[in-house]
Number of protein chains: 2
Amino acid sequence: MTYSIAQAAEHSGLSIDTLRYYERIGLVDPPARDSGGRRSYSDDDLGWLVFLTRLRTTGMPIRMMREYAQLRHRGAATAGRRKQMLFEHRASVRARIAELQSCLEVLDYKISHYGEIEHTFIEGITA
Amino acid sequence: MTYSIAQAAEHSGLSIDTLRYYERIGLVDPPARDSGGRRSYSDDDLGWLVFLTRLRTTGMPIRMMREYAQLRHRGAATAGRRKQMLFEHRASVRARIAELQSCLEVLDYKISHYGEIEHTFIEGITA
DNA sequence: GTAGGAGCTGGAGTGCACTCCAGGTCAACC
DNA sequence: GGTTGACCTGGAGTGCACTCCAGCTCCTAC
């Protein structure tokens with residue numbers, strides 16, 4: 001199964017421009033081309049794109065994704081390094097979640113605090 | 001108690017440049033000045049700065065923080081609107097956490113997958 | 001055979017959130 | 001009274017991750 005750039009964009013959630021941009025900066029390998037010179041993405045290509053969007057969603061910077069892509073390109077010999085990268089990235093995602101959760105508590109507090117303002121009309125509380 | 005800009009930066013985790021930048025764009029009110037014309041932050045100022053860093057950490061864009069700051073500036077009459085903003089923001093933070101957690105599952109899967117590669121030396125698995 | 005639409009390239013432009021800089025002031029200490 | 005160090009201002013520069021554009025080609029449908 002092959003996919004046009006529009007279909008690849010649709011499937012991955014990236015824009016067409018972003019797909020070409022990712023190719024330009026070496027984040028994805030140049031896909032095959034059809035008889036008219038247009039990009040023709042394979043299922044494997046799509047799988048990689050979708051995985052990239054996960055890394056992006058979790059805040060991995062592009063330069064790190066590119067490093068990962070380059071290791072991947074060098075084959076099975078780099079599997080350990082790649083696993084290590086994902087391992088470390090997972091830790092940072094967990095830390096990020098913890099950070100967000102601690103901020104959530106502050107928001108919860110603030111929101112209930114506003115509730116008091118609204119019900120008792122305490123003056124001067126403007127935070 | 002008052003604080004120099006360096007102390008405010010230290011306490012809030014923002015840089016000195018960022019403090020001046022936030023003031024310039026109307027995110028924080030201009031603090032008092034000492035006899036030498038230097039910024040002199042109050043405890044209230046610091047409290048606001050710390051709260052801003054929470055909003056920032058949770059990904060609120062500056063333009064929204066500024067909107068919030070402007071409402072706050074208009075006093076208690078805008079408390080409802082501000083509470084509503086925090087309420088909506090909290091929902092987006094929760095959504096973000098859920099998104100990260102779902103990506104974490106993908107990472108977990110990938111990482112255990114790499115484990116298989118390392119132990120059984122399956123060829124061709126390069127994702 | 002031509003009009004329309006998708007896709008192509010190289011390169012310029014955008015928005016966000018800072019970050020840095022030059023050139024100056026001010027207070028304190030030696 | 002000179003040097004040092006923190007701070008001041010307005011404005012320019014940075015890094016990231018896209019996003020847009022002009023001008024072109026190619027295929028399909030009428």
Side-chain angles (χ1 to χ4, degrees), chain A residues 2-42 45-46 48-69 89 92 96 99 103, chain B residues 2-42 45-46 48-69 89 92 96 99 103:
Chain A
T2 64
Y3 308 86
S4 69
I5 194 167
Q7 290 170 324
E10 167 88 6
H11 188 85
S12 65
L14 297 164
S15 75
I16 290 176
D17 271 316
T18 299
L19 287 178
R20 287 194 284 244
Y21 165 67
Y22 278 7
E23 184 182 331
R24 201 150 53 185
I25 64 172
L27 208 48
V28 306
D29 292 336
R33 298 288 178 133
D34 68 14
S35 60
R38 293 170 190 178
R39 288 171 182 79
S40 174
Y41 293 85
S42 69
D45 290 337
L46 286 208
W48 173 239
L49 284 175
V50 168
F51 181 55
L52 278 184
T53 65
R54 305 286 177 227
L55 295 182
R56 184 183 71 155
T57 295
T58 50
M60 183 182 282
I62 278 192
R63 101 186 72 82
M64 203 176 303
M65 290 197 266
R66 191 161 49 185
E67 190 187 333
Y68 185 91
H89 182 59
S92 83
R96 175 72 180 138
E99 183 180 52
C103 288
Chain B
T2 64
Y3 308 86
S4 70
I5 195 168
Q7 289 169 324
E10 167 89 8
H11 187 86
S12 65
L14 297 165
S15 75
I16 289 175
D17 271 314
T18 299
L19 286 178
R20 287 193 283 242
Y21 166 66
Y22 278 8
E23 184 181 330
R24 201 149 53 184
I25 64 172
L27 207 48
V28 305
D29 292 336
R33 298 287 178 134
D34 69 13
S35 60
R38 293 169 190 181
R39 289 170 182 79
S40 175
Y41 293 85
S42 69
D45 291 336
L46 286 207
W48 174 238
L49 285 175
V50 168
F51 181 56
L52 278 183
T53 66
R54 305 284 179 228
L55 295 182
R56 184 182 71 156
T57 296
T58 50
M60 183 182 282
I62 278 192
R63 102 186 72 82
M64 202 178 304
M65 290 197 267
R66 188 161 48 185
E67 191 186 331
Y68 185 91
H89 183 58
S92 82
R96 175 76 180 135
E99 182 180 52
C103 287

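Labels below follow one simple rule: chain letters A, B, ... track the order of the sequence lines, proteins then strands, and each chain is numbered from 1.
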For this session: Go through residues 24-34 of chain B and report each residue with a non-hydrogen atom lying under 4.0 Å from DNA chain C, sorted by number.
Result: R24(B)

Exercise. Is it true that a side-chain atom of R66(A) and a backbone atom of I25(A) form a donor plus acceptor pair closer than 3.5 Å?
Worked result: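 Answer holds: yes.
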
For this session: Give every residue pair that meets the side-chain hydrogen bond (donor to acceptor under 3.5 Å, both in side chains) criterion with at least one member in residues 52-61 of chain B, sequence neighbours excluded.
Result: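 Every side-chain hydrogen bond (donor to acceptor under 3.5 Å, both in side chains) pair that includes a residue of residues 52-61 of chain B, provided the two are not neighbours, is T58(B)-H89(B).
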
Distance check: side-chain N/O of [X] vs OP1/OP2 of [N], anything under 4.0 Å?
X      : N       : result
Y22(A) : dC18(D) : yes
T18(B) : dA17(C) : no
S4(B)  : dA6(D)  : no
R20(B) : dT9(D)  : no
R39(A) : dC8(C)  : yes

Please tabulate the protein-to-nucleotide N/O contacts below 3.5 Å involving nucleotides 13-16 of chain C, giving atom names and distances.
from    : atom 1 : to     : atom 2 : distance (Å)
dC16(C) : OP1    : R63(B) : NH2    : 3.2

Problem set entry | Evaluation steps, side-chain contact (heavy atoms from CB on, under 4.5 Å), between Y21(B) and L27(B) | CA-CA 9 Å; Y21(B) 166 66; L27(B) 207 48; over 6 Å; no

Exercise. Going by number, which of residues 5-13 of chain B have a non-hydrogen atom under 4.0 Å from DNA chain D?
Worked result: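 Under 4.0 Å from DNA chain D: I5(B), A6(B).
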
Side-chain contact, heavy-atom cut-off 4.5 Å: [X] with [Y]?
X      : Y      : answer
F51(A) : Y68(A) : yes
M60(A) : S92(A) : no
R38(B) : I5(B)  : no
Y41(A) : L19(A) : yes

For this session: For Y3(A), check side-chain hydrogen bond (donor to acceptor under 3.5 Å, both in side chains) against everything at least two apart and list the hits.
Result: D43(A)

For this session: List the protein contact pattern of nucleotides 23-30 of chain D with one symbol per nucleotide (5' to 3'): B for base contact, S for sugar-phosphate-only contact, - for none; contact means a heavy-atom distance under 4.0 Å.
Result: ---BS---

Exercise. So, are R96(A) and E99(A) salt-bridged, with charged N and O less than 4.0 Å apart?
Worked result: yes

Exercise. Looking for any heavy atom pair under 4.0 Å, which part of the strands does R56(B) touch: base, sugar-phosphate only, or nothing?
Worked result: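 R56(B): backbone/sugar contact only, no base atoms under 4.0 Å.
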
Exercise. Which value, rounded to the nearest 0.5 Å, describes the distance between R39(A) atom CZ and D45(A) atom CG?
Worked result: 11.5 Å

